[in-house]
Every structure is written in structure tokens, then in C-alpha cells.
Amino acid sequence: MSVEDRQRWDDRYRQASTAIEPRPPVALELSGIAVPTGGRALDVACGSGSVSVWLAQRGFEVLGVDVSPVALAAARDLASAHGVDGTAGKTDGTLARIDGTATRKAAGSARFEAIDLDDGLPRGDGELGRWDLVVCQRFRDPAHYADLAAAVAPGGLLVITVLSTVGHVGDPGPFRAVPGELVGAFGGVLDILWSSEADGESHLVARRP
């Protein structure tokens, strides 16, 4: 990614006026699919950290990565404000549902690193295939689809949302997914649990067998 692109993202996050709170990935929120409390999670293009912190509150050890140092500073502030630190947490193995109905609370962690995704995804435990949950929300680069699938550990989940031409009004531009793009990219490798295309967004939740 060019210096100009990085500065553009920094400027966007500096100008953001919406209050940031922890929240689930959009695809999980829409589908209602439960995630296990605990495990290792990778939040790709994590932005201001709302998803990373939400996952940490549910027991995950989260690595959030983004190209923008401004966004990552906001993510660290959000984690601190909600009592989430960067050290490994302990979990109890219960299910954390979107409505918050888990039988016991799990303590996780969140740490944030600046990376240029043009250089590839970070590797879990020194190699791909070690992340129990991979989230990629509103960052689309089909060149990374194979790496996103490969980063999911056996039994783990991929949760992805991208801008889409489906239901979008006006000029779609070059950054929106075409109909069927996510299912076509991941369906041959992962088991599709849920997908949706509407209102200018495409969503997918899939599991590695």
C-alpha cells in the first residue's frame, strides 16, 4: 500500500465522529451463529478495534491488524476503556452468543499491530492455519481470499463482510464484490454455514472441516 493510501486511512479515522463501542462482526450479528469462547482470533483490517474488543470480551486472544496507526491507537484506547489488555486470557469453553447468553464469562486479550496487507497476512503460531477465528470486515481484496481461507485452523470460522454490487444504488465503482463472489471464492475450500447478499453488502460465515 502506498504512503498516500496509508495517509488517506489515517485522515479518515481522524475525522471519524461516531462513538466506538465493542460490537460483533456484522455477519455474525445477522446470522446469529454462536462462536466458542476462547481460541486465537485474527481481525483483518481491524480499524478502531470494535470487533477485536468484542471478541476479547468473549474469551479470544485477538490480534487486530491494520495499516493505519491512527486507527490502531483508537483500538488500543477502546480496549483499555473496556478492561481488555494485551496478555493471554483464560476461557471456560462455553458458547458466546450474539445476545450475550453465555453461562460463564471468559477473559480474553487484544493486541494490535500495524501491517501492510499487501505484504500478506500475519501467521498464527509461526504459520498459517493456526487461527480459530478469522474476521475480515469491509476490506476486500480478492488476491487475499486464498490466504484468508488458509489462515483458518481446522474447525475454525471465517467471518467476512465486503461491499457488494447487490442492492447498491449508483455507480458501484471498482471495490465492490460481484454477485456470488464470496461463495465462489470460499465454497470450494470451506463449509459455508451462512451467506447473504443485500443492501450493498455481501456476508459469509464458513468453517474449515
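Atom CD of residue E181 and atom OG of residue S202 lie 7.5 Å apart, to the nearest 0.5 angstrom. To the nearest 0.5 Å, the span separating CG on D66 from CG on D116 amounts to 10.5 Å. Rounding to the nearest 0.5 angstrom, the gap separating the OG atom in S48 from the CD1 atom in I20 is 3.5 Å. A distance of 9.5 Å separates CZ in F139 from CD1 in I160, rounded to the nearest 0.5 Å. Expressed to the nearest 0.5 Å, how far OG1 of T161 lies from CG of L204 amounts to 9.0 Å.
Cluster annotation: V166 and W194 are assigned to distinct hydrophobic clusters (Ile/Leu/Val/Met/Phe/Trp/Tyr, side-chain heavy-atom contacts under 4.5 Å, transitive). Hydrophobic clustering (ILVMFWY, side-chain heavy atoms < 4.5 Å, transitive): L117 and L163 are in distinct clusters. L148 and I192 end up in the same hydrophobic cluster when Ile, Leu, Val, Met, Phe, Trp and Tyr side chains are linked at under 4.5 Å.
With a 4.5 Å cut-off on side-chain heavy atoms, L158 and L190 count as touching. Residues R208 and V189 meet the side-chain proximity criterion, which asks for heavy atoms closer than 4.5 Å. At a threshold of 4.5 Å between non-hydrogen side-chain atoms, the residues V205 and S195 do not count as touching. In this structure, L133 and L42 have side chains that are not in contact, with every pair of non-hydrogen atoms separated by 4.5 Å or more. You'll find the side chain of L63 stays beyond 4.5 Å of the side chain of F112, heavy atoms only. Between P25 and L28 the shortest side-chain heavy-atom distance falls below 4.5 Å. Between R176 and R140, the closest side-chain pair of non-hydrogen atoms is not below 4.5 Å. Using a 4.5 Å heavy-atom cutoff, the side chains of L182 and V162 are in contact.
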V135 vs V44, side chain to side chain contact (heavy atoms under 4.5 Å, CB included): CA-CA, chis, key distance, verdict: CA-CA 6 Å; V135 176; V44 178; over 6 Å; no
Please lay out, stage by stage, how L157 and V35 fare under the test side chain to side chain contact (heavy atoms under 4.5 Å, CB included). CA-CA 8 Å; L157 293 180; V35 295; 4.1 Å; yes
Step by step, would you call H203 with S196 a side chain to side chain donor-acceptor pair (under 3.5 Å)? CA-CA 5 Å; H203 315 276; S196 173; 5.2 Å; no
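A donor-acceptor pair under 3.5 Å is absent between the side-chain atoms of S164 and the main chain of E197, judged by distance alone. Using modelled atom types, one side-chain atom of S31 and one backbone atom of A27 make a donor-acceptor pair closer than 3.5 Å.
The two atoms that bring E21 and L78 nearest to each other are CA-CD1, 4.3 Å, heavy atoms only. F186 approaches Y145 most closely through the heavy-atom pair CE2-O, 3.3 Å. The nearest pair of heavy atoms linking D132 to A153 is OD1-CB, 4.3 Å.
Other residues, nucleotides and ligands contribute only 12 or fewer heavy atoms inside 6.0 Å of the CG atom of D199.
Just one of C46, S52, S109 meets the side-chain contact (heavy atoms from CB on, under 4.5 Å) condition when paired with V62; it is S52.
Annotation: cation-pi pair R23/W54 absent, no NZ/CZ under 6.0 Å from the ring centroid and within 45° of its normal.
A salt bridge between R111 and E61 is absent, with no side-chain N of the basic residue lying under 4.0 Å from a carboxylate O of the acidic one.
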